[in-house]
Amino acid sequence: MAAISSDTSQKPRISYHEFYTDGFTPREHYRPLWEHIQSVGQNAFEAKVHESQLALHAEGVTFTVYGDSDEGIERIWPFDLIPRIIPASEWSIIESGLKQRVRALNLFLKDIYHDQRILKDGVVPAELIYQGKDFRREIMGIDPPHDIYTHISGIDIIRDEDGKYLVLEDNLRTPSGVSYMIENRVIERRILPEFFAKYRVRRVEHYPALLLEALRAVSPRGTGQAEIVVLTPGIYNSAYFEHTFLAKEMGVELAEGRDLVAKDDVVYLKTTTGLQRVDVIYRRVDDDFLDPLVFRSDSTLGVAGIINAWRAGNIAIVNAPGNGIADDKAVYPYVPDIIRYYLAEAPILHNVPTYQMTNPEERAYVLDNLERMVVKAVSESGGYGMLMGPASTPALRKEFAAKVQEDPRNYIAQPVIQLSRHICYMDGELEARHLDLRPYIIYGDDINVVPGGLTRVALTKGSLVVNSSQGGGSKDTWVLAE
């Protein structure tokens, strides 16, 4: 929990600069890159930037933004050519912390859908779980293959004003963005191969191979007979580009719910030669729409009977249904305790201080200081359902205060942290923008953290909102080898 402070006159702290030291000298690991940018000159670099945009357009690297209407607007993926660089020593800490966190969250999910020891021992309040809309009573007692729930995770990390890495939130349901991480690297290598000659950069392009290996590892019929499909909601989903990308890269079928059928607790893919048994479904469909016999009866996106097939042990569903309760933002403050409870270890990566709106004292403090807070709806993502206090109006703060009072369980609050900054090439100028990092973790036979991740950038000057759906962009993320 966050400590209550009575000092409301604190001045915003200056954010940590990834690229420069306090004296505006490039940090040691950026020096070769900086020298090369200077030697190339602005005109040549401008041409490279233009070339990268043409390449993204030619490759069809897009994402979809939805406004007030149901119609989406497809846009070219926003990409800044100057990479973010993470030294090996820093990455080692991040990697260890992420493995620890994912392992503990997986044990937490197994426990709350079985014995619920952590609730009985009072480490996590039982009502917090039972009141969560993503706690799925329908799957109690189901044993997923190899007891793995968190097959693919995207854990959002920020750096605070002192440069310390903190976990901002956990994404365990259907984390997105990995295709853009790979496309960023492909474009960067193509446009600026000379950059890579100056550094030993660890690869991220092997992610689809790691994912395929992990999917095969959880096949109920064994890796040799693993028939895999990617289940997509369809072409109108904002992440459809990613669904098609991953299916193509892994060499597996991309299917919609109507392409699959469950018979006698076995799932089949409809093909021109008849029904073909499926062993693993990498689903990009939310729980609510996954099985109309168990969740939303009006869903046409999922497969009727898929949960019974999963219960019978005849199919692996990746990620496992019910994961959403572990990345519920109201559960997030308890993750350090979850790590200690299951692993008997101190957390390697710490959380951002967080206020629980179900706590009357913390709620009163937050409502008195909304202009200094970030308030988040616990089950929303993509920057939606959020109040950014310093950029809000009195009317919006009043609106959010009413929402919090009406449903405290649905909100948490955090102090505004000035996300670290990095230089970006903006309309011919080098300007600082705030950013975060989403590394991807794959849990199969072992836990693998892909060395890099999606660095998301707030392209609007001064903004702390990095989500692409809210106008954010991205950078290639280089993790240096020893």
Side-chain angles (χ1 to χ4, degrees), residues 1 101-145 147-155 167 169-175 281 283-299 301-302 306-308 310-311 316-339 341-342 351 354-359 376-382 384-385 403-404 406-412 443:
M1 306 302 153
R101 196 172 182 98
V102 167
R103 184 176 288 110
L105 287 170
N106 191 75
L107 291 170
F108 171 70
L109 284 163
K110 178 183 177 181
D111 187 19
I112 64 168
Y113 287 118
H114 289 81
D115 298 332
Q116 300 190 334
R117 292 184 298 111
I118 198 167
L119 306 185
K120 294 170 184 175
D121 290 341
V123 177
V124 175
E127 63 273 13
L128 192 72
I129 302 302
Y130 298 144
Q131 292 172 6
K133 80 177 189 68
D134 292 301
F135 176 63
R136 305 295 181 180
R137 292 167 177 80
E138 302 90 342
I139 70 166
M140 286 294 297
I142 296 180
D143 297 315
D147 287 332
I148 300 175
Y149 291 80
T150 54
H151 308 84
I152 300 119
S153 307
I155 310 294
V167 174
E169 64 182 52
D170 305 292
N171 297 281
L172 308 177
R173 286 172 255 197
T174 54
I281 293 180
R283 54 92 176 215
R284 299 299 293 262
V285 173
D286 292 340
D287 282 0
D288 281 339
F289 305 97
L290 192 56
D291 187 336
L293 299 182
V294 177
F295 304 121
R296 282 186 55 160
S297 59
D298 61 343
S299 172
L301 300 178
I306 190 176
I307 295 298
N308 280 339
W310 186 50
R311 186 184 299 275
I317 302 177
V318 176
N319 281 345
N323 263 15
I325 192 61
D327 69 14
D328 184 309
K329 292 178 179 65
V331 174
Y332 159 90
Y334 293 93
V335 175
D337 294 328
I338 289 170
I339 291 171
Y341 183 80
Y342 293 111
N351 282 9
T354 302
Y355 299 98
Q356 290 279 34
M357 296 301 90
T358 52
N359 180 304
K376 301 176 181 178
V378 298
S379 296
E380 294 282 356
S381 60
Y384 296 104
K403 290 179 179 179
V404 170
E406 181 181 353
D407 186 8
R409 171 59 178 81
N410 193 45
Y411 293 91
I412 56 100
Y443 197 161

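Both backbone and side-chain heavy atoms feed into the values below; hydrogens, waters and symmetry mates do not. These figures come from a predicted structure and were not determined experimentally. The first residue of the sequence shown is numbered 1, and numbering continues consecutively from there.
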When rounded to the nearest 0.5 angstrom, what is the spacing between OG1 in T358 and CD in Q131?
8.0 Å
Who pairs with Q116 by side-chain hydrogen bond (donor to acceptor under 3.5 Å, both in side chains), at least two apart in sequence or on another chain?
Y130
What pairs with P336 under side chain to side chain contact (heavy atoms under 4.5 Å, CB included), at least two apart in sequence or on another chain?
R340, P347, N351
Do D287 and N323 have side chains that get closer than 4.5 Å, going by heavy atoms?
no
Any side-chain heavy atom of V124 within less than 4.5 Å of one from D337?
no
Looking at Y113 and G322, would you say the former's side chain and the latter's main chain have a donor-acceptor pair under 3.5 Å?
yes
Criterion side-chain contact (heavy atoms from CB on, under 4.5 Å) on E138 and I307, from CA distance to verdict:
CA-CA 9 Å; E138 302 90 342; I307 295 298; 6.0 Å; no
About how many Å separate CD1 of I112 and CD1 of I118, when rounded to the nearest 0.5 Å?
9.0 Å
Restricting to side chain to side chain contact (heavy atoms under 4.5 Å, CB included), what partner residues turn up for D298, sequence neighbours left out?
R296
If you define the side chain from C-beta out and look only at heavy atoms, does anything of D288 sit under 4.5 Å from S299?
no
Considering residues at least two apart in sequence or located in another chain, which fulfil the side chain to side chain contact (heavy atoms under 4.5 Å, CB included) criterion with R311?
I142, N308
List for me each residue that meets side-chain hydrogen bond (donor to acceptor under 3.5 Å, both in side chains) alongside K133, sequence neighbours excluded, and say none if there are none.
none
Minimum heavy-atom separation for A316 and W310, please, with both atom names.
CA-CD1, 4.4 Å
Does R173 have any salt bridge (charged side-chain N to carboxylate O under 4.0 Å, His left out) partners at least two apart in sequence or in another chain, and if so, which?
D134, D327
Closest approach of I317 to H151 (non-hydrogen atoms, all atoms of both residues)
O-CE1, 3.6 Å
Note, I338 side chain near V331 side chain (heavy atom, < 4.5 Å):
yes
Measure the shortest side-chain to side-chain distance between I129 and F108 over non-hydrogen atoms and say whether it is less than 4.5 angstrom.
yes
As an exercise, state the distance from CD1 of I155 to CG of L172, rounded to the nearest 0.5 Å.
5.5 Å
Applying side chain to side chain contact (heavy atoms under 4.5 Å, CB included), can you list everything that pairs with A330, at least two apart in sequence or on another chain?
L128, D328, Q356, V378, R409, I412
Across all chains, not counting sequence neighbours, the side-chain hydrogen bond (donor to acceptor under 3.5 Å, both in side chains) partners of T150 are N106
List in chain and number order the residues that pass side-chain hydrogen bond (donor to acceptor under 3.5 Å, both in side chains) with D170, two or more places apart in sequence or in another chain; answer none if no residue qualifies.
R101
So, do D286 and F295 sit near enough that their side-chain heavy atoms are less than 4.5 Å apart?
no
Work out which heavy atom in L105 is nearest to a heavy atom in V335; give both atom names and the distance.
CD2-CG2, 4.0 Å
Does a side-chain heavy-atom distance below 4.5 Å link D143 with H114?
yes
For a quick test of reading the model, state the closest non-hydrogen atom pair linking P321 to I139 and the distance between them.
O-CD1, 3.0 Å
Which atom names give the shortest non-hydrogen contact between I325 and G132, and what distance separates them?
CD1-CA, 4.1 Å
Would you say the side chain of F135 lies within less than 4.5 Å of the side chain of M140, judging by non-hydrogen atoms?
yes
Side chain of Y443, backbone of S153: donor and acceptor closer than 3.5 Å?
no
In short, salt bridge (Lys or Arg N to Asp or Glu O under 4.0 Å) pairs touching residues 102-115 with sequence neighbours left out are K110-D147
How close do Y342 and A104 get, heavy atom to heavy atom, and via which atoms?
CD1-O, 3.9 Å
